[in-house]
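All remarks here apply to the structure that follows.
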Amino acid sequence: MKQLFFVGLGGALGAIFRYLASVVTSKYYIGNFPLATFLVNISGCFLIGVLIGGLSSSSQNSNDLRLLFVTGFCGAYTTFSTFAAENLTLIEHGNSRIALLYILLSIILGVLAVWLGIKSHHAFTTC
């Protein structure tokens with residue numbers, strides 16, 4: 001139960017910071033490039049790297065902090081950070097082909113899934 005609390009608390013904070021980043025960015029930036037998402041994704045990748053590096057201990061406090069910040073906060077702030085960290089782990093363990101496959105499939109199928117979701121919504125609303 002304690003683990004769920006840490007993940008939930010971190011997730012709530014991550015979602016709030018994600019929203020604030022979008023609000024602040026849109027206040028100062030007017031353009032076509034999705035700057036808010038880009039900044040969140042890159043800062044989230046940096047943050048998850050710092051956290052993974054700093055929380056490498058196997059102590060209970062370290063595990064709780066990992067759940068709070070890595071799984072909860074970064075998971076809600078941006079799942080791209082987890083995606084990037086997983087790919088780095090694959091590459092570091094000599095699984096570059098799997099990493100490349102994961103990257104390509106995630107991007108291509110992710111974009112396709114969004115498109116299909118939009119199209120299916122339109123199909124159901126016109127019936």
Side-chain angles (χ1 to χ4, degrees):
M1 193 63 155
K2 180 174 86 168
Q3 291 88 356
L4 291 176
F5 172 77
F6 285 129
V7 171
L9 177 61
L13 293 171
I16 290 167
F17 274 84
R18 171 71 177 95
Y19 173 73
L20 291 174
S22 294
V23 169
V24 170
T25 302
S26 67
K27 184 175 180 178
Y28 297 104
Y29 172 76
I30 302 169
N32 292 328
F33 185 79
L35 185 61
T37 301
F38 177 77
L39 292 174
V40 164
N41 285 339
I42 300 307
S43 65
C45 288
F46 178 75
L47 180 61
I48 204 169
V50 169
L51 291 168
I52 288 172
L55 298 173
S56 59
S57 159
S58 63
S59 74
Q60 183 57 45
N61 286 341
S62 179
N63 289 334
D64 291 345
L65 290 173
R66 188 179 190 90
L67 288 172
L68 177 68
F69 292 113
V70 174
T71 304
F73 184 87
C74 288
Y77 184 61
T78 171
T79 57
F80 186 78
S81 58
T82 303
F83 172 73
E86 289 171 342
N87 277 293
L88 181 60
T89 299
L90 285 169
I91 293 166
E92 288 176 341
H93 288 100
N95 296 311
S96 298
R97 288 183 181 172
I98 294 172
L100 181 60
L101 180 65
Y102 181 35
I103 292 166
L104 292 174
L105 287 175
S106 295
I107 293 169
I108 293 167
L109 294 178
V111 172
L112 180 62
V114 171
W115 180 78
L116 287 172
I118 291 169
K119 291 299 178 188
S120 69
H121 174 58
H122 290 305
F124 287 120
T125 57
T126 58
C127 293

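Below, all heavy atoms of this structure are taken into account, side chains as well, without hydrogens, waters or symmetry copies. Quick caveat, the model's predicted, so the values are computed rather than measured.
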N87 and L90: CA distance, side-chain angles, deciding distance, side chain to side chain contact (heavy atoms under 4.5 Å, CB included) verdict: CA-CA 5 Å; N87 277 293; L90 285 169; 4.2 Å; yes
Hydrophobic cluster identity match, I48 and F80, side-chain contacts under 4.5 Å: no
Non-hydrogen atoms of A76 and A15 that approach each other most closely: CB-N, 3.7 Å
Heavy-atom donor-acceptor pair, T25 side chain to S22 backbone, under 3.5 Å: no
Within 6.0 Å of OH in Y28, more than 12 heavy atoms from elsewhere: no
CD1/I30: more than 12 non-hydrogen atoms of other groups inside 6.0 Å: no
Non-hydrogen atoms of A84 and C45 that approach each other most closely: CB-SG, 3.7 Å
Common cluster, Y29/F38, ILVMFWY with side-chain heavy-atom separation under 4.5 Å: yes
Interatomic distance, T89 atom OG1 to I52 atom CD1 [nearest 0.5 angstrom]: 6.5 Å
Result of checking L55, L4, V7 against L67 for side-chain contact (heavy atoms from CB on, under 4.5 Å): V7
Identified side-chain contact (heavy atoms from CB on, under 4.5 Å) counterpart of L39 within the set I42, N41, L35: L35
Least distance between heavy atoms, C74 atom then G44 atom: SG-O, 4.4 Å
Rounded distance [0.5 Å steps], CG in N95 versus CG in L101: 11.5 Å
L112 with I118, same ILVMFWY side-chain cluster at under 4.5 Å: no
pair T37-R18: side-chain heavy atoms closer than 4.5 Å: yes
Shared hydrophobic cluster for V40 and I16 (ILVMFWY, side-chain gaps under 4.5 Å): no
F17, CZ atom: more than 12 neighbouring heavy atoms under 6.0 Å: no
Separation between CZ of F5 and CG of L68, rounded to the nearest 0.5 Å: 8.5 Å
Close side-chain approach of I103 to F83, heavy-atom, < 4.5 Å: yes
Spacing of CZ belonging to F69 relative to CG belonging to L47, to within rounding of 0.5 Å: 9.0 Å
Co-membership, hydrophobic cluster, residues Y77 and Y19, 4.5 Å side-chain: no
